[in-house]
Each structure stands twice: as structure tokens, then as C-alpha cells.
Amino acid sequence: MTPQELKNSILQFAIQGKLVEQRPEEGPAEELFVQIQKEKQRLVKEGKIKKEKPLPEISEEEKPFKIPKSWMWVRVGALFQHNTGKALNSINRTGKCLKYITTSNLYWNRFELNQLKEMFFTDSEIEKCTVKKGDLLVCEGGDIGRAAIWQSDEDIRIQNHIHRLRPYYPICVKFFYYLFFLYKQAGLIGGKGIGIKGLSSKAIHVLVFPLPPLAEQKRIVVKIEELLPYIDSYEQAWNKLEQLNKRFPGDMKKSLLQYAIQGKLVEQRPEEGTAEELFAQIQEEKQRLVKEGKIKKEKPLPEITEKEKPFEIPDSWMWVRVGALFQHNTGKALNSINRTGKCLKYITTSNLYWNRFELNQLKEMFFTDSEIEKCTVKKGDLLVCEGGDIGRAAIWQSDKDIRIQNHIHRLRPYYPICVKFFYYLFFLYKQTGLIGGKGIGIKGLSSKAIHVLVFPLPPLAEQKRIVAKLEQLLPLCERLKR
């Protein structure tokens, strides 16, 4: 049960007469109602309020729930004198210039009075629009039905989108504040279905409320306010748990990946050899491709310093630069003028997401034969965003080739390594700010930056076992999210 549901349940019990016991010695609500009507008639006779038309009888259909026999159903207009405030009028400057409150100052059970505006009020408007201590104020506009009791000894004026409810007789106004709160939560005000959509003067005047005996109203409020601090404590604990639950799948995923790339997710097996042996094979293959003229010879990559190593790795692993493992190119820059070559579809960073592609809306561009060679993606290539969400990556799994635009890096391994392991490296580097982050993280991912990016290299068999273990565990994280 959410904190709001718990609070609503307590209030529902309260306004149905189930939170405290009924005491016969406190008399029935009818006796209180008679006293209220006597006081109302006295105010009419003294000319303090106007005589109104009799309120309509309350039908069975209007009663939203059952109440105790000692209670009764009444209309708001039978309990409270009510007015709305003054409409804004910047032209009329007659009377006194006084501060006033609007719906933007009125919140549930409180007021925000830091930024009060001023307006001119005539003497008659002051009488009609002034709020005194103990008045219940209710929003007609804005968040319809939102209410608070004015507790200050200093009077204030109201704008026309606020109802001022002033009881004819000393009833427990806080009880009726809680009625507005629960009616709002239950959709009986400003809600759907049978709820009141707006809260005009006419609508609030005939709104149906349960009326308990006065002593019981007070006992109900005391009990509610005794329980509310426990609900607040429950809400704090609930929110912490909700935050933990929301973070847990993501934190778990990040932890699994962190363990994986630090060599802590699966055991190291001496019979699988070392990363140095794998690295030597990769470099042999790279040199063969250079000799055959399939790739250009590059300058030696710089030595990796201790400062560049972001974490500890097993002794059987080694640190390497991306350029030592992958041949990489970026795609073709947009050029609407040059129409030489073949018109082919291509992908941009807007098509490339983490571990997937969205290919519904592919654009076309002209590519020459040399550009096709440089910009074509084949099955197994790792594509990485240079622009947009820097470092976002996915492996091209289709048997059908595609071209890329210039803000995508195409990483093609020199030797059959486990490309999915390096996809996960990009993902974790991104999550931990080692790519596109602050501090020591790489801010951009130019060709030069990706070429010298430092990655851990495990033996090939261990790469595959790490990926297998991740793909066994990561779906559990996704289930936890749902």
C-alpha cells in the first residue's frame, strides 16, 4: 500500500464513522444541525447575511457512502456562508490597495505568502473578500477543491477563484478540510465519472457532506492527527525503498559489468593462455594485412601509462589501445551537391542505439567506389557514436551490408576476438563517465581519441565466458525493472 493509499484509507474510515466510536451521550447530528440553522436564521434576521432559497433535498444517489445512524447528510451551504473573492481589475483603482491571495498561494493545509500581489478594494468588497482566522479556503480554479484553513490573526483578501467558507456555528472546520482532501483524492471533486468536474459557487453550495456530532468531529480530527506522523514516517521509508528499488536493477547491471571487465565475474583458467599470447596473434594478423596492402601501416601506438589504467585487472590480462585491436573508420560526411557514384542507404547516430538499430527511416546518399569500401559495415562490425550520445554502441548483426555517416566509428577486429565483450566495455565506460563524462573521462570520441582509448584485454576464451555469464545475468536485471 502506498503512503497516499494508507492516508486515504484512514480518512475514508474517518468520514464513514469507523475511526472512532460513536457515543450516545454526544447526541445525534440532527441536534447540531438544528443549532446551526438557528444561528443561520439569527444572522439573517440581524441582516448580516442574506436569506437564501431552501436547499434541495438530498437524494439517495447523492450519498457516496454509508454513515452511522447518529450522523446525517448535509449540503455545504447549510453549514457555511461562502463567498468568492474579487476578479482582477487593473483599471478600477477605487478604494484601498490591499494584498490578496490567489490559488497559486493556496496549497493543501498551507499557504505560500512570499509573493503576494496587491489590488484596490472598495469597502463593500473588503467585507465580501476578507478572510479571517478559522475560515476554510477552497480552490475554485487551478487544482479544484484544494483547501486550507486560514490560521493567521491577520486578515487577508482573496481573488475570485477562491471560495471562502465561514461556518455559521462553531463546528470543527478541520474535519471539513479533511473531507475536501478525501473527496478530491477519491475523484468526488474535480474527478471523472460521478465526480464534480468544477467547483462553482452553485456546485460548492449544494455539495453533500456527512455531518457527525460536534464532539465526534473533534475526536476524529484528534485521531487523524495522531496517525498522520506515522504515515509521514511510513512515507519516508516507502520513498527510500522505492528509490532503492528503482536504482537496484541499474546498480546491479553496472556492478555486474564492473566485475566482468575487472576479471571478477568468471574465474581465470591457466589452460586458456594469456592475453599477451592473444595480443601477439592479433598483431601478426595486423601485419599480414599491412603486407597485403589491405590496410595502411600506422605509427606505433604510445605506451600505456599507469595513470591511464582506470582499475586493476588480473595478471593474465593486459591493457591495450583500441587501435591495436580494431581497424576503424568513420563514414561519409553529408554532401547533397556531390551526386557521383551509387545512391545507397546509410545510417546515422539517430539510427544507432545501445545494442540495437532503428532502421525504419533510412536516408540515401551518393557513394563512390572508394567511399563504399571505407564506409560499408559488415556483419560483426562494432559501431560507435562519435556524435550525439557519445560512445553509444551496437554490433551490426545483419548479413546485409550498410553504409555509415561520418559521426559513426566502424570498428572491425583484425583477428576473431569476442566483439560483444568490447561492446560491454563501451557501455560501462559510458555509464561510469570514462567516455563522454567529467573529470578524467574522454569528452569527445574523435578518430584519434578512439584510436588510443585504453581497454582491458582478457584471453579469448575468457572473453567468451564473460559474455555468456553476462547474458545469463543481465536479463534478470531487466526483469527487476519491470
Side-chain angles (χ1 to χ4, degrees), residues 246 249-250 253-254 257 322 325-413 417-437 441-451 453 467 470-471 474-475 477-482:
K246 285 177 183 177
K253 184 175 183 178
K254 194 182 289 185
L257 291 170
V322 167
L325 305 177
F326 296 91
Q327 173 198 5
H328 78 272
N329 293 91
T330 53
K332 179 179 178 179
L334 287 177
N335 189 336
S336 59
I337 299 172
N338 188 343
R339 301 174 67 83
T340 306
K342 296 177 183 177
C343 188
L344 300 171
K345 290 180 178 178
Y346 66 95
I347 60 174
T348 72
T349 54
S350 62
N351 303 113
L352 195 169
Y353 293 81
W354 284 111
N355 205 28
R356 65 187 176 88
F357 298 89
E358 290 286 344
L359 304 174
N360 296 330
Q361 295 179 325
L362 290 178
K363 298 177 181 178
E364 294 184 345
M365 180 167 49
F366 282 88
F367 292 81
T368 64
D369 290 343
S370 61
E371 288 170 340
I372 290 173
E373 173 63 27
K374 175 179 179 289
C375 304
T376 292
V377 177
K378 297 184 179 293
K379 187 174 183 178
D381 287 346
L382 177 60
L383 304 186
V384 184
C385 288
E386 176 186 351
D389 184 9
I390 296 167
R392 191 167 63 193
I395 300 169
W396 186 253
Q397 301 286 10
S398 173
D399 292 316
K400 189 176 181 181
D401 296 349
I402 192 78
R403 270 59 49 195
I404 51 173
Q405 194 196 351
N406 63 316
H407 292 300
I408 295 177
H409 295 284
R410 182 198 71 189
L411 301 184
R412 182 172 292 164
I417 54 178
C418 183
V419 176
K420 195 65 179 281
F421 174 79
F422 296 93
Y423 158 78
Y424 284 124
L425 279 169
F426 274 103
F427 184 86
L428 187 66
Y429 271 39
K430 177 69 177 181
Q431 294 298 310
T432 53
L434 292 172
I435 293 174
I442 296 168
K443 308 300 185 293
L445 203 58
S446 64
S447 293
K448 182 178 179 181
I450 202 170
H451 197 64
L453 185 62
V467 168
L470 284 173
E471 297 195 339
L474 291 179
C477 299
E478 295 305 314
R479 284 183 209 166
L480 287 171
K481 282 183 185 178
R482 295 193 291 268

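Numbering starts at 1 and runs along the sequence shown. Computation of the quantities below employed the complete heavy-atom set of this structure, encompassing side-chain atoms and omitting hydrogens, waters and symmetry-equivalent molecules.
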Is there side-chain contact between Arg392 and Val384, with at least one heavy-atom pair below 4.5 Å? no
What residues, two or more places apart in sequence or in another chain, satisfy side-chain contact (heavy atoms from CB on, under 4.5 Å) together with Asn406? Ala333
Do any pairs count as a salt bridge (Lys or Arg N to Asp or Glu O under 4.0 Å) and have a residue in residues 359-375, sequence neighbours left out, and if so which ones? Lys332-Glu371
Taking C-beta and beyond as the side chain, do Val377 and Ile408 meet within less than 4.5 Å on heavy atoms? no
Write down the atom of Ala394, the atom of Leu352, and the distance for their closest heavy-atom approach. N-CD2, 4.0 Å
Please walk me through it: do Tyr346 and Thr348 pass side chain to side chain contact (heavy atoms under 4.5 Å, CB included)? CA-CA 7 Å; Tyr346 66 95; Thr348 72; 3.4 Å; yes
Between Leu325 and Leu411, does a side chain to side chain contact (heavy atoms under 4.5 Å, CB included) hold up when you go through it step by step? CA-CA 9 Å; Leu325 305 177; Leu411 301 184; over 6 Å; no
Could you check if a side-chain atom of Ile347 sits within less than 4.5 angstrom of a side-chain atom of Leu362, using non-hydrogen atoms only? yes
Of all heavy-atom pairs between Gln405 and Leu334, which one has the smallest distance, and what is that distance? NE2-CG, 3.3 Å
Nearest heavy-atom neighbours spanning Thr376 and Arg410: O-NH1, 2.8 Å
Of all heavy-atom pairs between Asn351 and Gln361, which one has the smallest distance, and what is that distance? ND2-O, 4.0 Å
Any side-chain heavy-atom pair of Tyr424 and Glu471 under 4.5 Å: yes
Please assess Thr349 against Asp389 for the test side chain to side chain contact (heavy atoms under 4.5 Å, CB included), listing each intermediate value before the final yes or no. CA-CA 8 Å; Thr349 54; Asp389 184 9; over 6 Å; no
Heavy-atom closest pair, residues Leu382 and Ala393: CD1-CB, 4.1 Å
Any heavy-atom pair between the side chains of Ile417 and Phe422 that's under 4.5 Å? yes
Going through the distances and angles, do Leu434 and Phe426 end up as a side chain to side chain contact (heavy atoms under 4.5 Å, CB included)? CA-CA 9 Å; Leu434 292 172; Phe426 274 103; over 6 Å; no
Restricting to pairs with a member in residues 394-409, which pass salt bridge (Lys or Arg N to Asp or Glu O under 4.0 Å), not counting sequence neighbours? Lys378-Asp401, Lys379-Asp399
Which residues share a ring pair (Phe, Tyr, Trp, His ring centres under 6.0 Å) with Phe357, sequence neighbours left out: Trp396
Under the side chain to side chain donor-acceptor pair (under 3.5 Å) test, which residues partner Ser447, sequence neighbours left out? none
What residue pairs, at least two apart or across chains, pass ring pair (Phe, Tyr, Trp, His ring centres under 6.0 Å) with a residue in residues 366-395? none
Under a 4.5 Å cut-off applied to non-hydrogen side-chain atoms, are Tyr423 and Leu428 in contact? no
Ignoring hydrogens and geometry, is there a side-chain-to-backbone donor-acceptor pair from Arg412 to Phe326 under 3.5 Å? no
Answer yes or no: is there a side-chain heavy-atom contact under 4.5 Å between Lys420 and Ile395? yes
Quick one: are Thr330 and Ile404 in side-chain contact, heavy atoms under 4.5 Å? no
